[in-house]
Amino acid sequence: MRKDYNLEKRKYVIGGFFVLIALIYIIRLFNLQLGDSKYKIYAENNAFLNKTIYPSRGLIYDRNGELIVYNQPAYDVMMIPRDVHQFDTLDFCHTLNITPDQLRKRFQDMRNTPGYSSYTPQKLITHISAQDYGRLQEKLYRYPGLFIQKRILRQYNHATAANVLGNIREVSQTDIERDPYYQRGDYCGDLGIEKSYDEHLRGVKGVEILMRDANGRIQGRYQDGAQDVEPVSGRNLKLSIDLELQQYAESLMVNKIGAVVAIEPATGEILALVSSPTYDPRTLIGRQRGEGYKALVNDPLKPLYDRSIMACYPPGSTFKPTQGLILLEEGIINLQTTYPCAHGFISGGLRVGCHAHGSPLPLKPALQTSCNAFFCWGLKGMIDKRSKYGNSADAFEIWKHHLVSMGYGYKLGVDLPGEKRGFLPNAQYYNKIYGEGRWSANTIISIAIGQGEILATPLQIANLSATIANRGWFITPHVVKEIQDTVLPEEYREKRYPTIHAGFYDDVAEGMRMAVTGGTCRMANLKDWEVCGKTGTAQNPHGKDHSAFMGFAPYHNPKIAVAVYVENAGFGATFGVPIGSLVIEKYLNGKIAPERKFLEERMLESNTIIYSGVKKH
Amino acid sequence: MELRNTNQNQQSLLRGVDWFTVGLYAVLVVLGAVSIYAASYDFDNASIFSFDEFSGKQLLWIGLSFFIGLVLLLLDRRVYETYAFPIYVGMLLMLVVTIFISPNIKGSHSWIVLGPMSLQPAEFAKFATALALAKLFGGYNFILNAKPSNYLRALAIIFLPVMLILAQNETGSALVYLSLFFVLYREGMSGLVLFAAAFAVVIFVVALKFSQEMIMGITVGQFSVYLMIMLLMVVMLLFHSRNFTVARNVGAWYAGSGLIVFLLHLMGVDVNGHIYFLAAIVVASVYILVEMLKSGIKKMLVTVMTALISIVFLFSIDYVFTTVLQPHQQQRINVTLGIVEDLRGKGYNVNQSKIAIGSGGLTGKGFLKGTQTKLKYVPEQHTDFIFCTIGEEEGFVGTVTVLTLFMILILRVLTIAERQPTTFGRVYAYCVASYLIFHFCINIGMVIGLTPVIGIPLPFFSYGGSSLWGFTFLIFILLRIDAGRRDYH
């Protein structure tokens, strides 16, 4: 046979063509398999369904170990839209007791939610009942792409301390951006300690890695769960709140607007923190939350507004002990210094009224009788003392500095969100109003008696009471006593010392004791405990005077310091003193003495909201 | 040529068998079985020996194919040459019968169901066609280029099964036979045919791929094709007609006129692309024809014809694409060319296939640990898309190993082909090589997204008895023919 060598060369063309294709394929495979990691991610997104396992949220107890807040399971029906096939919607609706229209609307809403993606789990129906959950679970295999997400909701043993406890809500877009821990659909604390201690309470989410086939059906756990992450339960909290006292104080404040704060002076622990009117935290659970929250926001009495730490009131006469302390510290007065009171303070055409009592008088009786003139003269003596301070502005700055050290004008740092700082003017503030060098003590004299520009929160007033009770120091007030497995932050264990010598506090305390034994607070004079107190009747532009009280007991080694503030309730002695003394008595004795029952009843039954000018629909 | 004493060889029939190829065959088949096991493995339950499973059945097919291979080796090599045409005719008849007795499986009528198993005669028609073609070429004094009727006979042998398989609605299997043009090329067909085919593919791809943007009033695809035709004319004048002067003049004409059009464009006068290019090419063609008549170089006519046919082809692409091709074929081409990216629909298979292979990385996810394939994201993963399992579980190392094995096998078959002392043996061997090359290029090309999805199996790997046996016939008949090569002096 004849061989055609010209044609034989063509084997190179054929072989070469094939080798060229093979090389192109190898390069392509190199690019696919080694050049681009996106395919790995795609494959994982295909195959793995990371199912979040929510840890149980930390429980909340009161200071005596009484359980207040616990968890209840809730079930959300989730869906991954791209895995969902046609299914029997009628049967589905029947299982969950909803109408097809509701389901259609849910689908619509889901698609309109910001951040909707057909590749990630979306919430189809929230919070189905345990019965519905059971029924659906059995049929779930019929609905590929749907699964049930167990969640934790809160439940409350007592309808109390809503302002302290706060609640939980679904995270917003802002929350997700602020804290990468959160994903859409998670819950986070809102208000109260649920918010401020959220990181302790929430625990750490776990992940269960499931494998899902092309039809969206779950095919078991990846590597038998070897890569799963177990959830870590949230830490339990023990509050410093005394549940019984809190409930009692709340009951006294029914139909009143205001706040009661009780602090254990030695520890700074808040025993009761009442804002009135309050609300039932159970109205903010689960599916009712939307409506419950709306109702609270629209309530003209603003129950969501925690008056105990947010409301800034003129402190009125409860401010006078601070003045006594500053005057003593600055050497403006001593215990023998007396000032005249001619039914008031009269200076250069200015008159601040006062009531009938002996005159002239020194500090302790001035506290006892709540003499306005004494403290006005005292402030004038300080602010206008050019010989010592040079000018009014510098004197005022020193005055202000002392008050700041006592916790006024700035946030105290309570472990609750939303605390307000009150208001303390500085020299600059007055310069702006009156012009530099054009104001003096007389211009601003009403601040001496806690009126004028001065504003303080009930917490700040209670804290002053605790400081005097401790004779010169305080610990930042806080509502959480213990955090499981960890210690309280340093700031809630450290003593803070105002710029006043400790010795002067005894004198002020004695004045406050005298107010109870023979002054404005006689209603607070308990038989078996030495109560010290100071009333306040704060004029305000919103109508009737606010009734205020601050005090502590016993006189020696005090166990409780309180502040009461009732809006538009008149004299400090009419509401402030009774409520404050009842709280003290309740805490110290556990009960109210029979001869004081009438007082308790009067407080429980009275209504001061009618004076507030707020119209309730 | 004269036969040696054949009696002597009767005793050692297996003497001269290319054991290297047998070994390669065995390795590929075993790797194939392992891959099928992996592809059909379920995370929950799997048994390699269960005949309910693909892998279990495949083991049965493999066992039988080794038996078939042995029988084929033991037969006298002359049987294949002698009975080439009867076998071919028998196979054609079987293809015809199949059309009528086959159940409709997804629109295809290509299966003969025999109790528990199904056979696809189209797979067996491959070796029959190869034998017939070899027999034709091995005929006394048959030279392909001697007369046109030889072409007709060769093309008839190739296209008879193609027609029948198309009638079965198995386009992929029918296309495989087009690879036999390699054989015709090897036996003397002008390379221009292959070149023209390649150029047609390029025009087709470029015109479709760049049919969205416009330039000079025509699509970028058309623009590019025009440029390619111009360039091709110059190149052909240079290397085919070997007429430097004409090539230079035509080149200068194109460059000069193109420059003028560009300058006009800068001045704000836009010339329509069709008008300019057609005019330029027609002018050049007329010039070439005149030069041809002057010089008498007839080859220049080929250049002009090529240009004209290309232009006609360019204008018919739209028609071919939208009218001749079926919608699913159009979509597969669109997906391959990246014109549409329909990852949930038409592009789903290829996209998932690329994800499977791409996620394998260097060394893969490990045997039986591929999630794409185990969780059934890749369709047809034990048949046409079997390469995905290898890519996902064994990674780049695995895919390159398989590619290398195929390269060695195909180059080995080419070597065997060229060492055949008879035209019959050589043509048969080239047929085997051509089939393998086509299957290799199309199957792997489609799973890595380089060629459109054409449903043909990866030899030795894809699940199925017919495909495996079809290639077993091809390889072992080749080995039998090759084993007898020393019988010739």
Side-chain angles (χ1 to χ4, degrees), chain A residues 1-49 81-83 118-119 209-224, chain B residues 1 42-44 138 143 182-183 185-188 191 194 344 351-352 354-362 364-365 369-372 374-379 391-392 395-396 399-400 403-404 406-407 410-411 414-415 417-418 421-423 430 433-434 436-437 440-441 444-445 448-450 488:
Chain A
M1 182 188 148
R2 187 173 46 88
K3 272 212 165 189
D4 186 334
Y5 291 100
N6 234 348
L7 288 183
E8 196 185 329
K9 282 184 197 159
R10 291 188 168 185
K11 70 179 178 191
Y12 296 115
V13 176
I14 297 169
F17 167 79
F18 164 65
V19 170
L20 178 71
I21 299 275
L23 286 178
I24 290 172
Y25 285 6
I26 288 176
I27 292 167
R28 170 72 165 186
L29 285 166
F30 183 88
N31 283 337
L32 275 181
Q33 302 192 282
L34 304 178
D36 204 335
S37 59
K38 73 178 179 195
Y39 292 106
K40 266 203 176 83
I41 297 161
Y42 290 162
E44 284 174 12
N45 287 346
N46 266 345
F48 300 135
L49 175 66
R82 70 152 202 166
D83 290 341
S118 68
Y119 287 82
I209 306 173
L210 299 172
M211 289 186 301
R212 144 184 80 179
D213 72 11
N215 293 316
R217 278 186 290 260
I218 300 301
Q219 296 290 327
R221 305 167 74 185
Y222 178 57
Q223 291 182 5
D224 282 328
Chain B
M1 278 174 288
D42 203 304
F43 280 135
D44 297 330
I143 292 168
F182 281 130
V183 181
Y185 168 70
R186 169 63 183 85
E187 295 304 316
L194 292 187
R344 300 279 297 139
N351 183 47
Q352 293 298 343
K354 276 156 73 179
I355 291 174
I357 294 175
S359 63
L362 179 62
K365 297 175 186 171
K369 286 181 183 149
T371 53
Q372 277 292 101
K374 299 296 162 289
L375 297 170
K376 314 212 168 15
Y377 284 92
V378 183
E392 187 180 21
F396 186 63
T399 53
V400 168
L403 250 58
T404 309
F406 270 105
M407 281 171 76
I410 289 167
L411 294 177
L414 285 176
T415 312
E418 288 298 341
T422 65
T423 308
Y430 262 101
S434 304
L436 285 172
I437 289 173
F440 171 90
C441 292
I444 295 183
I448 59 180
L450 287 181
Y488 295 87

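Here is the naming used below: chain letters follow the sequence lines, and residue numbers restart at 1 for every chain. As a basis for the values below, the full set of heavy atoms in this structure was taken, side chains included, without hydrogen atoms, waters or symmetry mates. Treat the numbers as computed from the prediction; the structure is a model and nothing was measured.
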Check: Can you say whether B:L403 sits under 4.5 Å from chain A via the side chain, the backbone, both, or neither, judging by heavy atoms?
Finding: side chain

Notebook entry, point to check: So which part of A:L34 gets closer than 4.5 Å to some heavy atom of chain B, the side chain, the backbone, both or neither?
Noted result: side chain

Next item on the list: Could you look at A:I21 and say if it's the side chain, the backbone, both or neither that has a heavy atom under 4.5 Å from chain B?
Entry: side chain

Notebook entry, point to check: Looking at A:I26, A:V19, A:N31, which makes the most heavy-atom pairs under 4.5 Å with chain B?
Noted result: A:I26

Check: Does A:Y25 OH have over 12 foreign heavy atoms under 6.0 Å away?
Finding: yes

Note to self: Only pairs of heavy atoms separated by less than 4.5 Å count here; which of B:G445, B:G360, B:A417 has the most with chain A?
What the structure shows: B:G445

Check: Is the shortest heavy-atom distance from the side chain of B:I355 to the side chain of B:Y377 under 4.5 Å?
Finding: no

Check: Any side-chain heavy-atom pair from B:T399 and B:I444 closer than 4.5 angstrom?
Finding: no

Checklist line | Donor-acceptor contact present, side-chain A:R212 to main-chain A:N45, <3.5 Å | finding: yes

Item checked: Region of B:F406 that comes under 4.5 Å of a non-hydrogen atom in chain A -> backbone

Notebook entry, point to check: Which heavy atom in B:K365 sits nearest to a heavy atom in A:A43, and how many Å separate them?
Noted result: NZ-CB, 3.7 Å

Check: Do the non-hydrogen side-chain atoms of B:K374 and B:E392 ever get within less than 4.5 Å of each other?
Finding: no

Checklist line | Side chain / backbone / both / neither for B:E187 at chain A, heavy atoms under 4.5 Å | finding: backbone

Item checked: Residue B:L414 versus chain A: region with a heavy atom under 4.5 Å -> side chain

Notebook entry, point to check: Heavy-atom distance under 4.5 Å to chain B: side chain of A:F30, backbone, both or neither?
Noted result: both

Checklist line | Top contributor to chain B interface from A:F18, A:Y222, A:Y42 [non-hydrogen pairs under 4.5 Å] | finding: A:F18

Next item on the list: Run the numbers on B:F182 and B:Y430 for ring-ring contact (aromatic ring centres under 6.0 Å, His included), then give the verdict.
Entry: CA-CA 8 Å; B:F182 281 130; B:Y430 262 101; 9.1 Å; no

